[in-house]
**Student:** 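To start, I am sharing the structure in question, which I have written as structure tokens.
Just follow the structure's listing: the first ligand is 1, and inside any ligand the first atom is 1. All values below come from the heavy atoms of this structure, side chains included, with hydrogens, waters and symmetry mates left out.
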Amino acid sequence: MKKFAVRSTSLLLAAGLGLAAAASWSAESLQDVMKRRNLSQQDLLAASKTYVPTGKRDDFIAFSSGGQSGQIIVYGIPSMRILKYIGVFTPEPWQGYGFDEESKAVLKQGRIDGKDITWGDTHHPAISETQGKYDGQYLFINDKANPRLAVLDLRDFETKQIVVNPIFKSEHGGAFVTPNTEYVIEAAQYASPLENKKFFPLEEFNEKYRGGVTYWKFDRKEGRIVEKESFSLELPPYSQDLSDAGKGPSDGWSFTNSFCSERYVGGIEKGRPPYEAGCSAKDTDYLHVINWKKAAELVKAGKAKKINGHDVLMMETAIKEGILFLIPEPKSPHGVDVTPDGKMLVVAGKLDTHVSVYSFEKIMAAIKAGKFESKDPYGIPVLSMKDTLHTQVQLGLGPLHTQYDSKPCIAYTSLYVDSQVAKWNYCEGKVLDKISVHYNIGHLMTMEGDSVDPKGRYLVALNKLSIDRFNPVGPLHPQNHQLIDISNDKMQLLYDMPLPLGEPHYVVAISADKLKPGVRYKVGTNSRTDKPHPGRVVAGEERTVKKGNKVEVFGSLIRSHITPETIEAEVGDEITINLTNLERAQDETHGFTVSTYNVHASVEPGKTVQLKFKADKEGVYPYYCTEFCSALHLEMQGYLLVKPKGWKPSKTTTLAKGSYTEADYKATVKKVADTQVIIDSVVAYITSVNYKDFPDVVAMVEDAFDQLGKTKGLKEKHEAFAAKKDWENANLWAEQIWQYQVKTADLGLRAKTYLEQNGAKKVK
Ligand code: CUK
Ligand code: CUA
């Protein structure tokens, strides 16, 4: 190795070439560690099934509801490493979500009755599907408390849209997608009057309160829900619960179950028995069977009624057109889960020990034959359980949710009261295995296990209580997601992961290779609209425009500089700061904030963001980059100077001077020459191989030459100052060349390492 005169540069080079100290192996043997840490063979086996060595990646990516945090949690399976929290209904400072104008506009779409709602009770995430298979393009999630639905784009894992349900006051049975993501299904939970701001007393519950299901139309090309083409079905006030879309033979139909079909309205204050008693008095509730394809046609044909400006197909029409049916289901059911082949649906009754397997073929046959056992109080035809059941299987106490295996006929159902997962065969109606979980499991999830093509291998149990599983952190405990190996006949518990961000209800996991997120935006993109940002700039076009009391900055961020370095304003001015990250290198995000003005942005490569605030207090406010982006990150700084009205400098001020000598200048010039030698050698290597075949490297090389290009004219400048013996200016301008060189070298070395690790080939 050649020795370099410039210490910091050679350190940089050493790091870039991966010349870390030789790995020193622990002197302990595996046996020693097992003994010292009191681990069993079983523990070691579990560890080896979940451990993902450094640099290696997970096979599946899970998107978990963030529960009351109103966010999404992303983690890897089998490592259970948390990769990201994504702001959805709730501001999230790291991503600037709710602190820059673009994301504020998204959160604003979620306003209800003109008011901000800055939290959400998220329950069910859903990945977009093509022909019933996860396609990895979009993610949807519902907010139960404030009936809303969000759309996330999996190209950048950002929330793009929030829609507010126009007729519900709460919502639970969403998000569930139809097999080609034509619609996103969302069912009401607690019945209410459908018209906004209408009051009816509980005595008129049966007549004036309603439930329903909304079918949100999704435009895949735009990646957005089209509110105008979405519609709902009016349903009885039966506390609709979970939904699922039919697939294969049952495509075109959807299923929504319910609890409290007793329509009990409580009133313990008036001496009536409480809700829990009244809502579970009957032995059965109702499964709603809906022909959504036909419903969509009826809406198109103008058969819907406008409520709050939204198309609602009324029950009367749905009954007349033969698209709505009910089937009794035992008892206070929770999940309804269509099998991968679309032929059966599994319903679990919370207060029953059975799961009921309904046959879609039998349901259709009974409908065709007009064989109904009764009508409900609203005139909806009720099919009999006997005519539609395939089988019932006794699983245990408190069955809730079901998911499927890659192996045919194999299902897994959560048993809330028993704190167990049951593995069973729904074709033959046989229990195969049970495993205890810790504790009180809600949903469970297998890999792509609610699609037509489940991947098997792992199951995650979403346990509501963790009790004694983790180190205590006060009365509020984390949730416990337990990873279970389902690749063999017997299930094996592998790992406990505490989830510390709300109570996730559901999670979906997709094969990691189906996700292809980008690493940078096209320069000047508004990431929330995917369109060019009006505030974008290219290098050299940065400017500040002052018009009246409005100051608008068109600035840029690139290692290690914020342009502009100062923003001058008068107290009371409206400040708008547009910032474009000009980097192309992967992971070179800059953050930006201005002291005490409650603004923050995360500006990933290529992104443009806008921050807006009123400079309502005079003073001096530093702004800076909030991501440790480079060795000179701390120097990514500037000042917002808010002057009193009419302020004039009282006397000529001069900036403080440093004391630099000719020797300082000469040392800097030598440093610059030495560094250029390194850059030249790296460039020689890169151009000697087929680097153009690696798009990430091409981006880094472009960035590197951008940086180097900025040194143009600086040599002449420092030499001119040196000729005048102005050592301060001579030295600082020479130093500026070195700044650009360091960034060039950093990028060049990263490119070199990448090429070496990814098998670049020599070109002649
Ligand atoms: S729900 Cu919470 S355990 Cu919202 Cu799907 Cu079942
Ligand atoms: Cu940019 Cu720190």
**Student:** Please tell me whether T580 and S556 have a donor and an acceptor in their side chains that are separated by less than 3.5 angstrom.
**Tutor:** no

**Student:** Within the stated cut-off of 2.8 Å, is an N/O/S atom of H123 closer than that to atom 4 (Cu) of ligand 1?
**Tutor:** yes

**Student:** Verify the neighbour count for atom NZ of K522: are there more than 12 heavy atoms of other residues, nucleotides or ligands below 6.0 Å?
**Tutor:** no

**Student:** With a cut-off of 4.0 Å, which atoms of ligand 1 are near a heavy atom of K464?
**Tutor:** 2 (Cu), 3 (S)

**Student:** Which ligand 1 atoms, with their elements, are less than 4.0 angstrom from a heavy-atom of L242?
**Tutor:** 5 (Cu)

**Student:** Going by the atom numbers of ligand 1, which of them fall below 4.0 Å from some non-hydrogen atom of G442?
**Tutor:** 3 (S)

**Student:** Are the charged groups of D121 and K144 less than 4.0 angstrom apart, N to O?
**Tutor:** no

**Student:** Consider only side-chain N and O atoms of Q189 and D241, and report whether a donor and an acceptor are under 3.5 Å apart.
**Tutor:** yes

**Student:** Report the name of the N/O/S atom of H172 located nearest to atom 4 (Cu) of ligand 1.
**Tutor:** NE2

**Student:** I'd like to know if atom 2 (Cu) of ligand 1 has an N/O/S atom from H505 within less than 2.8 Å of it, counting both backbone and side-chain atoms.
**Tutor:** yes

**Student:** Can you name the atoms of ligand 1, numbered from 1 with element, that are less than 4.0 Å from a heavy atom of H334?
**Tutor:** 1 (S), 3 (S), 6 (Cu)

**Student:** Taking 4.0 angstrom as the limit and counting only heavy atoms of H124, give me the atoms of ligand 1 inside it, by number and element.
**Tutor:** 1 (S), 4 (Cu), 5 (Cu)

**Student:** Taking it one step at a time, do E604 and S602 satisfy side-chain hydrogen bond (donor to acceptor under 3.5 Å, both in side chains)?
**Tutor:** CA-CA 6 Å; E604 297 90 51; S602 170; 2.5 Å; yes

**Student:** How about Q240 and T256: does a side-chain donor come under 3.5 Å of a side-chain acceptor?
**Tutor:** no

**Student:** Does the side chain of E92 pick up a donor-acceptor pair with the side chain of T90 at under 3.5 Å?
**Tutor:** no

**Student:** Looking only at heavy atoms, is any part of H401 under 4.0 Å from ligand 1, and if so is it the side chain, the backbone, or both, or is it neither?
**Tutor:** side chain

